[in-house]
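Being a predicted model, the structure only gives us computed values, none of them experimental.
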Amino acid sequence: MTDTAGPAADTSAADTVAHAVVDAAAEAVVGAAPGSPRITPTTRVLLHDLAVRRDRDEWIVGRMATRTFVALPAVGARAVELLGAGLSVGRTEESLRAETGEEFDIAEFVGDLTALGFVARIGDHAVPDAEPPRASLPWLRPRHVRLALHPVLPLLVGALLAAAAVVLVRRPDLLPGYRDLLWSRHGSVVLLSGAAAGWTLLLAHELAHLVTARAAGVPGKMRLGTRLQFLVMQTDISGIELAPRRHRLTAYLAGIALNLSIASSLVLALALTETGTTVHRLLAAVLLLALLPLPFQCMVFTRTDLYFVLQDLTGCRDLYGDGLAYARYRARRSVRLVRSVLSMRTVRRGVRAGDRDDDPSARLPAHERRAVRLYSVVLVVGTAACLTFMAAVTLPVDVALLVRAVRGLGPGHGLAGNADAVTVLVILGGGNVLWLVTWWRNRRSRGSASAA
């Protein structure tokens, strides 16, 4: 069980729920729904409360209530501004023509905005509104947690980390090892206590994301998800795209910062307790559990917290989705090349025009294209390594433990033996069942969304 957070990316999530940011500069949004009122040059529209933020050469425009966001070119953002100011469709077209010297179909643009749920009224006709997605802990208001974004907080976390580092330099024996998890001779006690501590730390990690995002005015929702063979808890903080970069990065890194803060506090507590005592062993076990999720965060090919940091710093809209599309494109080209060689046909070296048109990264800006192509390599190699490890190590170990637990049941194994077997079946077997249920539920949700 691990964790991830970010704008809905399920991908995190990314994960993320489909990612809400749409590249409207390159791809048109679906038109207005059937039965919508006719849009004429004299039509005026009433927009919902929209937020706008400039992002490089584009503008992020979104509606926080529905967590729907779109990337628009400057002229699109200007059109939204003029329509929001009460100008009619015709007057908006005239203003844009005067400012840019180009013609724009604002009637079609209004239809696109309507499909996104940005329009409350077209003329005298109210536009049906979708029910906003539910948020976790809706009673928690930004004013309650505004200190989560205080600039002094990272300094306090840094000071705590520095203090723990000094202690570990002076007391290297406090560094945890895998044996610290085996603090009891009863396997069932170790598993139960580890599961309880692990879930508690996981919930605290996700609450850190939720609280930080809520301080920035983003609702946020926690839920279970899957990343390859991993069962994860993730926090959808779609809408954080509209916040300043410092707030965005703080929200993405809040969970990691909390884990490091807890681990640092435990190091300081270990230095004050006597080695060999039950309290010392328990603190060491919890310290290791607090640190164990951190290596997973480096697996950016599974859309972890650090993935969203990477995506933000590279200025990409959908690093995972675009990287996956490019990897599939390269795979198709490789298959065609192999088939051509096997069939003894001559293949001219270089990229043909048709292949170049098929390259999904060709439509991206240069800075995104470079990042997407590099990330696609990380995505393919990392995914292959993860699945290989699962097939070679994780799956055989899980099966062996489950078989041993089943064989450990029965009157001939005593109360302790049966308790250990049941604990293994409940925790290990239950975790795998929960992964399957979560995967199937999310798969059906994505299928329903695609059909809609």
query = Side chains of Ser361 and Arg373: do they bring a donor and an acceptor to under 3.5 Å?
reply =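 A pair is found: one side chain offers a donor N or O, the other an acceptor, under 3.5 Å apart.
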key: Pair Arg227-Gln234, side-chain donor/acceptor within less than 3.5 Å   =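 Note: Arg227 and Gln234 side chains meet the donor-acceptor criterion.
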Any donor-acceptor pair under 3.5 Å from [X] side chain to [Y] backbone:
X	Y	value
Arg441	Leu224	yes
Arg214	Leu140	yes
Thr383	Val380	no
Glu368	Cys316	no
Gln311	Leu319	yes
Thr226	Leu228	no
Arg146	Ala215	no
Asp180	Ala284	no
Glu58	Leu72	no

message = Could you go through Thr68 and Thr66, starting from their C-alpha distance and side-chain angles, then the distance that decides it, and tell me whether this counts as side-chain hydrogen bond (donor to acceptor under 3.5 Å, both in side chains)?
response = CA-CA 5 Å; Thr68 307; Thr66 56; 3.2 Å; yes
If we only count heavy atoms from C-beta on, is the [X] to [Y] side-chain gap below 4.5 Å?
X	Y	result
Leu207	Leu137	yes
Val52	Ile60	no
Val119	Leu46	no
His367	Thr314	no
Leu210	Lys221	no
Asp112	Leu116	no
Tyr252	Thr212	no
Met64	Leu242	yes

task = Could you tell me how the ring of His205 sits relative to the ring of His209: parallel (under 30°), tilted (30 to 60°) or perpendicular (over 60°)?
result =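 Plane angle over 60°, so perpendicular.
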query = Parallel under 30°, tilted from 30 to 60°, perpendicular over 60°: which one fits the rings of Tyr307 and Tyr320?
reply =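 It falls in the perpendicular class, over 60°.
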request  = Give a yes or no on whether the ring-centroid distance for Phe230 and Phe296 is below 6.0 angstrom.
outcome  =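 Yes, the ring centres sit under 6.0 Å apart.
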key: Test log, rule side chain to side chain contact (heavy atoms under 4.5 Å, CB included), inputs Leu231 and Trp439   = CA-CA 9 Å; Leu231 179 67; Trp439 176 84; over 6 Å; no
Please say whether more than 12 non-hydrogen atoms of neighbouring residues, nucleotides or ligands are located less than 6.0 Å from [atom1] in [X].
X	atom1	value
Arg134	CZ	no
Arg245	CZ	yes
Arg246	CZ	yes
Asp105	CG	yes
Arg91	CZ	no

If I take atom [atom1] from residue [X] and atom [atom2] from residue [Y], how far apart are they, to the nearest 0.5 angstrom?
X	Y	atom1	atom2	answer
Leu428	Leu402	CG	CG	4.5 Å
Gln229	Asp398	CD	CG	10.0 Å
Ile427	Leu434	CD1	CG	13.0 Å
Leu313	Leu306	CG	CG	10.0 Å
Met299	Cys386	CE	SG	3.0 Å
Ser264	Asn259	OG	CG	10.5 Å

task = Identify whether the distance between the nearest side-chain nitrogen and carboxylate oxygen of Asp55 and Arg317 falls below 4.0 Å.
result =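 Yes, this pair counts.
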query = Do Arg248 and Glu241 meet the salt-bridge criterion of a basic N to acidic O distance under 4.0 Å?
reply =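 Result for this pair is no, no salt bridge flagged.
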Side chain to side chain contact (heavy atoms under 4.5 Å, CB included) evaluation trace for Val61 with Phe69 = CA-CA 6 Å; Val61 180; Phe69 308 91; over 6 Å; no
Using distance only, find each side-chain donor-acceptor pair of residues 75-87 under 3.5 Å and give its atom names and separation, not counting sequence neighbours.
from, atom 1, to, atom 2, distance (Å)
Arg78, NE, Glu99, OE1, 3.2
Arg78, NE, Glu99, OE2, 3.2
Arg78, NH1, Glu81, OE1, 3.1
Arg78, NH1, Glu81, OE2, 3.4
Arg78, NH2, Glu99, OE2, 2.8

key: Partner residues of Thr43 under the side-chain hydrogen bond (donor to acceptor under 3.5 Å, both in side chains) criterion, sequence neighbours left out   =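 For Thr43 the side-chain hydrogen bond (donor to acceptor under 3.5 Å, both in side chains) partners, ignoring immediate neighbours, are Thr40.
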Closest approach of [X] and [Y], non-hydrogen atoms and distance?
X	Y	result
Tyr375	Val300	OH-O, 3.0 Å
Leu379	Gly323	CD2-C, 3.9 Å
Leu287	Ala263	CD1-O, 3.4 Å
Pro151	Pro154	O-CD, 3.2 Å
Ile262	Ala290	CG2-CB, 4.3 Å
Ala216	Ile240	CB-CD1, 4.0 Å

message = The test is side chain to side chain contact (heavy atoms under 4.5 Å, CB included); show your working for Glu103 and Arg97 and say whether it passes.
response = CA-CA 6 Å; Glu103 297 286 343; Arg97 186 187 310 117; 2.7 Å; yes
request  = Might you work through the side chain to side chain contact (heavy atoms under 4.5 Å, CB included) test for Leu96 and Ile106, ending with a clear yes or no?
outcome  = CA-CA 10 Å; Leu96 292 177; Ile106 298 302; 3.6 Å; yes
request  = Please determine if Arg63 forms a cation-pi arrangement with Phe118, meaning its NZ or CZ atom is less than 6.0 Å from the six-membered ring centre and no more than 45° off the ring axis.
outcome  =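 Judged by the rule (NZ or CZ under 6.0 Å from the ring centre, within 45° of its axis), Arg63 is not positioned above Phe118.
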